[in-house]
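First up is the structure itself, then whatever we jot down about it.
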Amino acid sequence: MSGYKKLKDRIHLHFDELPKNQKKIAEFFLENFDHISFLNVQQIAESTSTNVAAVVRFAQRIGFSGFSEMRDEIEATLRNRLENGNVFPLIKPSELTKDTLTLVANQEIANIGDTLRLTEKESYNKIIELIINSKRVFTTGLGISHLLSHIISYQLNQIGIFSNVFTNNESTFLEQILFMDKNDLIIALSFPPYSKATIEAAKFAKENRIKVVSLTNKKSSPISLLSEVSLIIKSENMLFTNSFAAISVLINAIVTECALKNKSKATKWLNELKNVTKRQDITID
């Protein structure tokens, strides 16, 4: 196991037992891991709206003598990852041009790179396993998450996994959950501002022993706390909305992984789908 993974696991192991202010520090470390070695303890305290003592206590809580020892280990881990080519090169502000296309493109590259670093292989594999072993998969979300829930549902259907999208018109999310059972799975997409309807649906599903997995922006988001497993995705945007480039990449990876894990079924279904479309004289993308 890499030093990077060990340090992340160390933080995750203690996360639930941390006080509220130290959870904010833990999130900051997980989301900005590659930048920590360039920051001092005062800067981290300011960035997390806490204080120096809280940062030091956080380091001690997860097994270090103090902040300096923790930062030194992070720096050593980062250096090792750079030497082995496992980190996207950081884009310096001076290298950016001022045109909007370049700025947006570089933001998306950063989102995808950060998402790759934040994605835990164990969580990723767990979601694949749950999707493959579920009788039916339902996807849910509002706003841009609703659009993305349609995409993941469509792609799952294309590889022979029954999937449907929760609607938000004739009936509520909770009413639709009543038709589900313990063999079904909900994939919830939730990004700021978090939809109350999506969160309530996840809570209701959990109360009824229906499995929920989520795609969200941080470990402590409301939906993450109600999910069996979550994947953390960076969705920073220059506008007051969420970017969906990194989300789309992860969705595509999940569906592709499901197809590869069950290649015979996916291939058979795709051939049957092609036969149906030929009979109807339609084209599928």
task: Could you point out which residue of Leu215, Leu147, Ile233 forms a side chain to side chain contact (heavy atoms under 4.5 Å, CB included) with Leu189?
output: Leu215
field: Flag, side chain of Ser195 to backbone of Thr198, donor-acceptor distance under 3.5 Å
entry: yes
If you look only at distance, which donor and acceptor atoms sit under 3.5 Å apart when one is on a side chain in residues 249-259 and the other is two or more places apart or in another chain?
| residue | atom | partner | partner atom | Å |
| --- | --- | --- | --- | --- |
| Thr256 | OG1 | Asn252 | O | 2.7 |
| Glu257 | OE1 | Tyr124 | OH | 3.2 |

message: Evaluate Leu148 against Ile152 for side-chain contact (heavy atoms from CB on, under 4.5 Å), listing each step before the verdict.
response: CA-CA 6 Å; Leu148 291 164; Ile152 191 168; over 6 Å; no
task: Keeping the roles fixed (side chain from Lys8, backbone from Leu118), state whether a donor-acceptor pair exists under 3.5 Å.
output: yes
field: Nearest-0.5 Å distance, CZ of residue Phe58 to NE2 of residue His14
entry: 9.5 Å
statement: From the list Asn164, Asn183, Asp181, Asp184, side chain to side chain donor-acceptor pair (under 3.5 Å) partner of Arg136 resolves to Asp184
task: Give a yes or no on whether Lys135 atom NZ has more than 12 heavy-atom contacts from other residues, nucleotides or ligands under 6.0 Å away.
output: yes
- request: In sequence, state the C-alpha distance, the side-chain angles, and the governing distance for Ile151 and Gln155, and then conclude on side-chain contact (heavy atoms from CB on, under 4.5 Å).
  value: CA-CA 6 Å; Ile151 291 173; Gln155 290 189 334; 4.2 Å; yes
message: Using every non-hydrogen atom in the two residues, find where Arg10 and Gly63 come nearest and quote the distance to one decimal.
response: NH2-O, 3.1 Å
message: Under 3.5 Å, is there a donor on one side chain and an acceptor on the other for Ser214 and Thr216?
response: no
task: To the nearest 0.5 Å, tell me how far Glu108 CD sits from Phe244 CZ.
output: 8.0 Å
query: What's in the same ILVMFWY side-chain cluster as Leu142, cut-off under 4.5 Å, chained through other members?
result: Phe138, Phe166, Phe173, Leu174, Ile177, Leu178, Met180, Ile186, Phe204, Ile210, Val212
- request: Write down the atom of Val137, the atom of Ser134, and the distance for their closest heavy-atom approach.
  value: CG2-CB, 4.3 Å
- request: Give, for atom NZ of Lys23 and atom NZ of Lys20, the distance between the pair rounded to the nearest 0.5 Å.
  value: 9.5 Å
task: In sequence, state the C-alpha distance, the side-chain angles, and the governing distance for Ile11 and Met70, and then conclude on side-chain contact (heavy atoms from CB on, under 4.5 Å).
output: CA-CA 11 Å; Ile11 295 173; Met70 183 178 186; 4.1 Å; yes
- prompt: Should Val165 and Ile247 be counted in the same cluster of Ile, Leu, Val, Met, Phe, Trp and Tyr side chains packed under 4.5 Å apart?
  reply: no
- line: In short, Glu73 meets Phe64 closest at the heavy-atom pair OE1-CE2, 3.1 Å
- prompt: With hydrophobic residues grouped by side-chain heavy-atom distances under 4.5 Å, do Leu18 and Val52 end up in a single group?
  reply: yes
message: Main chain of Pro19, side chain of Gln22: is a donor-acceptor contact present, judged purely on distance under 3.5 Å?
response: no
- prompt: Sequence neighbours excluded, which residues qualify as salt bridge (Lys or Arg N to Asp or Glu O under 4.0 Å) partners of Glu75?
  reply: Arg79
Residue list, side-chain contact (heavy atoms from CB on, under 4.5 Å) with Asn125, at least two apart or on another chain: Lys121
query: NZ of Lys219 to OG of Ser230: how many Å apart, nearest 0.5 Å?
result: 7.5 Å
message: Are more than 12 heavy atoms, taken from residues, nucleotides or ligands other than Glu17, located less than 6.0 Å from that residue's CD atom?
response: yes
task: Answer yes if Leu226 and Leu185 sit in the same cluster of Ile, Leu, Val, Met, Phe, Trp and Tyr residues linked by side chain heavy atoms under 4.5 Å apart, and no otherwise.
output: no
- request: Would you sort out whether Tyr154 and His150 count as a side-chain contact (heavy atoms from CB on, under 4.5 Å), showing the intermediate values?
  value: CA-CA 6 Å; Tyr154 171 79; His150 274 276; over 6 Å; no
- request: Please answer whether the main-chain N or O of His146 pairs with a side-chain N or O of Ser149 as donor and acceptor at a distance below 3.5 Å.
  value: yes
message: For a quick test of reading the model, state the closest non-hydrogen atom pair linking Phe67 to Val55 and the distance between them.
response: CD1-CG1, 3.8 Å
- prompt: Roughly how far apart are Lys234 NZ and Ser243 OG, rounded to 0.5 Å?
  reply: 11.5 Å
task: Indicate yes or no for a side-chain donor-acceptor contact from Glu46 to the backbone of Gln43 under 3.5 Å, with no hydrogens or angles considered.
output: no
statement: d(Leu225 CG, Asp16 CG) to nearest 0.5 Å is 8.0 Å
- request: Give a yes or no on whether a salt bridge exists between Asp9 and Lys6, defined as a side-chain N under 4.0 angstrom from a carboxylate O.
  value: no
task: May I ask you to decide if Ser163's main-chain N or O and Asn157's side chain share a donor-acceptor pair within less than 3.5 Å?
output: yes
message: Tell me whether Lys182 contacts the main-chain N or O of Arg209 through its side chain, where contact means a donor paired with an acceptor under 3.5 Å.
response: no
- line: Residues passing the side chain to side chain donor-acceptor pair (under 3.5 Å) test with Glu120, sequence neighbours excluded, are His12, Ser123
- line: Closest heavy-atom pair, Lys211 versus Leu130, reported as atoms and distance to 0.1 Å, is CD-CD2, 3.7 Å
- request: Under 4.5 Å between side-chain heavy atoms, chaining through other members, with only Ile, Leu, Val, Met, Phe, Trp and Tyr counted: pull out the rest of the cluster around Ile223, sorted by chain and number.
  value: none
